[in-house]
Amino acid sequence: MTLARWTRQLIPTLREVPQEAEIPSHQLMLRAGLIRKLSGGLYTFLPLGLRSLRKVEAIIREEMDRAGALEILMPALQPQEIWEESGRFEVLKHVMFKMNDRQNRAMVLGPTHEEVVTGLAANEIHSYRQLPCNFYQIQTKFRDEIRPRFGLMRAKEFIMKDAYSFDVSWEAADGSYQAMYDAYVRIFERCGLRTKIVEADTGAMGGSSSHEFMVLASAGEDGLVECSHCSYAANLERAELRAVAGVAWGDGEALPEKVATPDQRTIEEVAAFLKVPAARLIKTLVYLADGKPVAALVPGDREVNEIKLKKALGATELSLADDGVIESVTGAPVGFAGPVGLKLPLIADRLLEGSSDAVSGANEAGMHVRHVTLGRDAPGVSYADLIVAREGDGCPRCGEGSLVEKRGIEVGHVFKLGTKYSETLGAKYLDDGGKQHPAVMGCYGIGVTRTLQSVIEQSHDGNGIIWPLSIAPYAVEVMAVNETHEESVRLANELAEKISAAGFDVLVDDRDERPGVKFKDADLIGLPVRVSVGERSLAKGEVEVKVRATGETLGLPVATAAEELIEKLRGWM
Ligand code: ATP
Ligand code: MG
């Protein structure tokens with residue numbers, strides 16, 4: 001195994017916290033000399049960072065191979081026309097880096113590889129005998145992110161492991177999906193990462209089922225909820241909530257009555273003016289679903305989840321209507337829409353089902369209506385789960401717990417894709433009766449560089465990184481406390497040789513620096529074990545060993561130190 005010397009490496013540790021870095025893992029990657037920035041969202045891996053990256057990749061490769069996936073390597077540079085063929089060019093064109101080759105053919109840098117791999121399968125897979133099969137690669141992706149930030153977390157160029165499975169049927173595809181799911185569980189565990197697996201939306205991908213592997217972190221860009229009682233957990237985009245009966249704000253006898261709200265348009269203004277809670281208002285939003293206006297109704301204190309709304313309407317395109325459309329369909333300026341008398345398809349959240357004596361806009365400038373009992377006053381309304389779940393909502397699964405909100409970083413994602421790509425791109429196989437079918441696909445991504453940084457986000461303290469042994473750049477750092485003390489230096493080298501001969505990567509800090517500097521840097525780069533050889537402990541016949549994760553220090557007898565340490569390290573593997 002590798003035995004490296006600090007003085008022959010490039011480990012440019014920094015004392016100061018770099019200004020550009022907002023979150024601990026990004027700061028530590030810079031401070032520990034793992035990466036350096038080229039420009040926004042573009043980073044160079046320095047030797048220490050690259051070593052850990054390679055270890056993450058090796059774990060992923062082992063688990064993918066174990067799950068039966070086949071490693072391939074596809075081009076990052078792709079003709080634009082394959083994206084036009086799949087219909088995704090329009091959806092993803094703003095995220096893709098685009099250029100022309102010298103023949104003036106339009107090319108893109110791949111943000112993902114469904115198009116390329118499905119084209120490959122279309123050419124190479126013909127018969128059910130070749131299925132199932134699963135291709136994976138560990139490769140660089142390019143995305144022109146709106147906000148690259150947090151170092152490797154959201155970069156313009158990053159490394160992804162992507163895998164794509166092909167099966168004869170949906171049932172068979174479930175098997176491939178489960179195999180990848182299980183492999184992901186093992187991969188993150190082996191990387192020392194605690195992940196929360198959440199149900200996720202299938203988004204622009206299309207498809208039927210999807211899970212995300214999240215690392216809980218306050219800096220996470222994804223919202224999620226988990227149940228306080230059962231194992232239900234979901235991405236906020238997807239999260240359902242338990243249906244509860246609509247609130248009867250009165251006895252429901254009074255008939256709708258207009259009330260002047262001359263200058264009040266927002267929920268907050270109207271609620272304050274009429275002295276009712278925001279929840280008693282019916283928020284009425286006009287959307288265009290595939291070009292046709294529809295009104296979505298939710299309690300005044302809740303937000304519409306547009307993904308849910310789109311699904312409930314069975315729409316492919318959904319957007320908020322602009323002021324002109326709102327005025328023409330409601331007959332009033334923005335801020336006064338309401339369900340009573342509105343000649344639009346109406347869809348309401350289930351929280352409004354059975355509610356009475358609510359308040360809504362009157363479809364008339366400066367007017368609202370009270371005593372609105374939706375079922376009576378807007379009889380055509382249909383109900384669905386339309387709102388963004390939030391802390392305290394009832395769990396949709398167990399009926400006992402309530403939802404707790406968390407932030408997370410998505411490190412991995414498994415999708416059941418279905419036949420969307422195999423149909424459009426012609427990945428078809430012949431069954432045993434000679435009949436042709438599109439293969440049923442799944443796709444599976446891990447952000448490799450993001451995973452690496454997430455480990456640091458989850459595992460550090462005020463002094464630096466705390467590497468898990470599995471992906472630490474080196475397992476052990478060995479140093480002589482005083483480089484001018486010959487016996488210490490000789491013993492340090494001897495220990496380093498023995499430990500590395502036993503199969504562990506060792507870094508010797510051979511710098512002629514003050515002990516304080518070396519100890520500080522050791523904590524900062526965070527190798528699992530530090531062995532220091534100094535005059536004081538040698539006088540007792542010992543060398544000092546410090547375990548980074550626990551801070552525990554122990555003296556090991558000089559004669560047996562290497563063996564004892566090797567034993568300990570083997571126990572941790
Ligand atoms: P996000 O929602 O974070 O933008 P995504 O859903 O677009 O991610 P996928 O297309 O599912 O991401 O990509 C698979 C994995 O690649 C993600 O789970 C994530 O770990 C990683 N990833 C995606 N975008 C980036 C990026 N800009 N920088 C680093 N890693 C990324
Ligand atoms: Mg995703």
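FYI, the numbering just counts along the sequence from 1. A quick note: this is a predicted structure, and the numbers were derived from the prediction, not measured. Start at 1 and go down the list; that is how both ligands and their atoms are numbered.
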message: Would Glu62 and Arg190 count as a side chain to side chain contact (heavy atoms under 4.5 Å, CB included) here? Give the steps.
response: CA-CA 11 Å; Glu62 265 180 48; Arg190 287 184 60 188; 3.1 Å; yes
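For atom 13 (O) of ligand 1, the nearest non-hydrogen atom from the set Gln453, Glu237, Met160, Glu221 belongs to Met160. Of the options Arg149, Lys141, Arg143, Glu114, the smallest heavy-atom separation from atom 9 (P) of ligand 1 is shown by Arg143.
In this structure, Glu405 does not pair ionically with Arg390, as no charged nitrogen and carboxylate oxygen lie closer than 4.0 Å. Using a cut-off of 4.0 Å between Lys/Arg side-chain N and Asp/Glu carboxylate O, Lys93 and Glu90 are scored as salt-bridged. Under the 4.0 Å criterion applied to side-chain N and carboxylate O atoms, Asp222 and Lys406 are not assigned as salt-bridge partners. With salt bridges taken as basic N to acidic carboxylate O contacts below 4.0 Å, one links Asp393 and Arg302. Ion pairing between Lys156 and Glu145 fails under the 4.0 Å rule for side-chain N and carboxylate O.
Looking at Arg154 against ligand 1, both its backbone and its side chain come within 4.0 Å, counting heavy atoms. Using a 4.0 Å cut-off between heavy atoms, Met153 contacts ligand 1 through its backbone alone, with no side-chain atom that close. Contacts of Glu410 with ligand 1, taken as heavy-atom pairs under 4.0 Å, involve both backbone and side chain. Looking at Leu152 against ligand 1, only its backbone comes within 4.0 Å, counting heavy atoms.
Considering backbone and side-chain N/O atoms, Ala155 comes within less than 3.5 Å of an N/O atom of ligand 1. At under 3.5 Å, not a single nitrogen or oxygen of Gly445, backbone or side chain, sits near a nitrogen or oxygen of ligand 1. Checking only distances, Arg450 does come within under 3.5 Å of ligand 1, N or O to N or O.
Proximity to Val411 (heavy-atom distance under 4.0 Å) selects the following atoms of ligand 1: 18 (O), 20 (O). Heavy-atom proximity to Glu145, at under 4.0 Å, picks out these atoms of ligand 1: 24 (N), 26 (C), 27 (N).
Counted by atom type alone, Ser176 and Asn134 present zero donor-acceptor pairs between their side chains at under 3.5 Å.
Cation-pi geometry between Lys141 and Phe158 is not satisfied (NZ or CZ under 6.0 Å from the ring centre, within 45° of the ring normal).
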